[in-house]
*Asks:* 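Sharing a structure with you now.
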Amino acid sequence: MNYKTDEFNLFTTQGYNYRNNPGYSNVDTEYLNPSASSPTYIYERRNNDRLNKGYNGGFGFEWFLDDNTSWTNSVNYRKNSSTNESDVVYTNIYNSLPNSIRNRFNNDLGNGEDVEFNSNFIKKFKKDGHKLTVDFQTSLNKDDNSSEIIDSQFANANTFSIQRQNNNLIATEYVLPIGEGTQFEAGYRGNFTTQNTDVGIFEDNVLDVNLSSTLEYKEKVNALYTQFGTKIKKFSFLLGLRWEDSNIDVNLLDTNDYNNKKYNNFFPSAFFTYEINNESSASISYSRRIRRPRGRFLNPSSDFSSNINLFQGNPDLDPAMTDAFDIGYLTKFGKKLTFNTSAYVNKTTDVFTFVRRDSGETTADGIPIILFNPINLATEYRAGFEFTLNYNPYKWWRMNTNFNFFSLETQGENTYIDFTGSTIIQDLNNKTTTWSTRLNSKINLPYSIDWQTNLFYEGDQKTAQGTRKGLLSANIALSKDVLKEKGTIALNVSDLFNSRIRKIETNLEKISSYSEFQWRSRQITLSFTYRFNKKKNEKEGRGNQQDNDGGGDFPG
């Protein structure tokens, strides 16, 4: 809700959510050289039932100092709790022993709390587009998790995770139009993050020091950037340059392992466009990008819900750097059809990839424990083409589709010391091709009902250690305006066919496996929106929205 006058705007948002998100994963593993006492096959079946509930709220004050100056301050607060019950069933198939079934139940409890303050200052000058903005953001976050693991055959376990994080952002940007069709921009952006994560794993009340850790992560990134763009008759260009200075500490306090990484980089960009005629244009561009590892990518502690397949982060990860080249062409066929295509080449150094390896340890019944880790692979080359079609055959039907085909080549080796002290070199060189396509459709049905459909398919992709199988998903939505367009009822079905399942085949020296992972099954959402004094589709910005590359960080 908000209340707005010529001098100020007061706004608040209050919400409560209660969501149940079931999911599952299956892993079928074949051991190629089993001992007489270890299984030949293990079928792992896991069902997850995640429940999240919590409160989120915030309020803010936007002050119109004059017709061209505004200052917005807002505070947001979130508090939530969650439970994640996972029931894992292992079926062990032996050559010379009777088959066995083992159950492992994990009950995970989580509590989180966030508070965030945002301040945004905007000064507009007389010339249209001439402005100065200043932003400040600070937030505190805490997440506490604990779990109880009950195993039908092995030792029971308890785990805990305590995380505290502080984020601060300072940014300013100046935009200056110069004449008609020319613009200059310059700015500064500083991101400062501190995160402490303490993870403990106990088996029969005894701390497992190999799987527990205390991680301290500090990130200071200062960036200066500028860009200049202009249009001269049919030719236009936009040139940009960003300089970043990074100072990052990744410290494992338990083992006194302190890692500091300092580096600075220039990130140039250039975009050129030529208007062939009123319906067609051609473009060429180059940009350099960075992707930093975050969250679980860095934390060496394990996900212990399975005791034979463990995910562990890598605190020694470096950022990945990408040089991206693109050549494009756009044309229009009347008012109904727009065709846009491009060819691109990307080169990424220190690219992140995930590898599986034998830890050298076994469970009490002799089953090898497999580790799943992110590493920096040397170089990745990606080349392909894509096209997009926007087609409006009738006033009541709009649709667009995208097709992307590319080849992918990775070059690199993973070298590590195994449990016997031997140096192991994993050859991860790989060449593959794959494709994806997307279709969006919106139809205006009778009685003012809108029907939207989204289809997506991603083809098979070969990896250095196996194959990632194709994935199909579909979403549909129906909406209708009511109460003289002041209200809207919407029904949405996400993953209509319940097919958004990541499927992976893995082939190692001693192990061959097939896995399926579905993070969230089909979801159905019904919503109602009522507008008191606001037209439909009217948008109103409040405060400052920042991007977050944070760290969704688990593949799949």
*Asks:* Establish, from distance only, whether the side-chain atoms of Asn404 and Asn402 form a donor-acceptor pair under 3.5 Å.
*Replies:*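 Short answer, no.
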
*Asks:* What's the verdict on side-chain hydrogen bond (donor to acceptor under 3.5 Å, both in side chains) for Tyr225 and Gln227, showing C-alpha distance, side-chain angles and the deciding distance?
*Replies:* CA-CA 7 Å; Tyr225 61 92; Gln227 64 180 20; over 6 Å; no

*Asks:* Ring-plane angle category for Phe405 and Phe385, please: parallel below 30°, perpendicular beyond 60°, tilted otherwise.
*Replies:*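 Aromatic pair Phe405/Phe385 classed tilted.
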
*Asks:* Quick one: are the ring centres of Phe228 and Phe184 less than 6.0 Å apart?
*Replies:*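 No.
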
*Asks:* Indicate, with yes or no, if the rings of Phe325 and Tyr286 have centres closer together than 6.0 Å.
*Replies:*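 Close enough - the centres of the two rings lie under 6.0 Å apart.
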
*Asks:* Is the closest side-chain donor-acceptor distance between Gln165 and Asn141 under 3.5 Å?
*Replies:*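 No.
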
*Asks:* Under a 4.0 Å threshold between the charged nitrogen and the carboxylate oxygen, would Asp323 count as salt-bridged to Arg288?
*Replies:*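 Looking at Arg288 and Asp323, the cut-off is met.
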
*Asks:* Among Thr453, Asn454, Asn475, exactly one meets side chain to side chain donor-acceptor pair (under 3.5 Å) together with Asn440. Which residue is that?
*Replies:*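 Among Thr453, Asn454, Asn475, the one that satisfies the side chain to side chain donor-acceptor pair (under 3.5 Å) with Asn440 is Asn454.
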
*Asks:* Could you tell me which non-hydrogen atom of Tyr188 sits nearest to which non-hydrogen atom of Ile170, and how far apart they are?
*Replies:*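 Nearest pair, atom of Tyr188 first, then Ile170: CE2-O, 3.7 Å.
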
*Asks:* Hey, can you tell me if Phe517 and Trp519 have their rings parallel, tilted or perpendicular (30° and 60° cut-offs)?
*Replies:*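 It falls in the tilted class, 30° to 60°.
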
*Asks:* Just checking Tyr94 against Tyr31, ring centres under 6.0 Å apart?
*Replies:*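 Ring centres of Tyr31 and Tyr94 not closer than 6.0 Å.
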
*Asks:* Is it true that Asp495 and Arg520 make a salt bridge, defined as a side-chain N closer than 4.0 Å to a carboxylate O?
*Replies:*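 No, no charged N to carboxylate O under 4.0 Å.
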
*Asks:* Please work out which of the three classes, parallel, tilted or perpendicular, describes the rings of Phe297 and Phe354, given edges at 30° and 60°.
*Replies:*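 Ring orientation, 0 to 90° scale: perpendicular.
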
*Asks:* Without hydrogens or angle criteria, can the side chains of Arg292 and Ser246 be said to hold a donor-acceptor pair below 3.5 Å?
*Replies:*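 Ser246 and Arg292 do have a side-chain donor-acceptor pair below 3.5 Å.
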
*Asks:* Mind running salt bridge (charged side-chain N to carboxylate O under 4.0 Å, His left out) on Arg104 and Glu44 for me, showing each step along the way?
*Replies:* CA-CA 10 Å; Arg104 188 175 177 87; Glu44 180 180 338; over 6 Å; no

*Asks:* Please determine if Glu275 and Lys231 form a salt bridge, counting it only when a charged side-chain N lies under 4.0 Å from a carboxylate O.
*Replies:*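 Salt bridge present between Glu275 and Lys231.
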
*Asks:* Under 4.0 Å between a side-chain nitrogen and a carboxylate oxygen: does that hold for Arg438 and Glu386?
*Replies:*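 No.
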
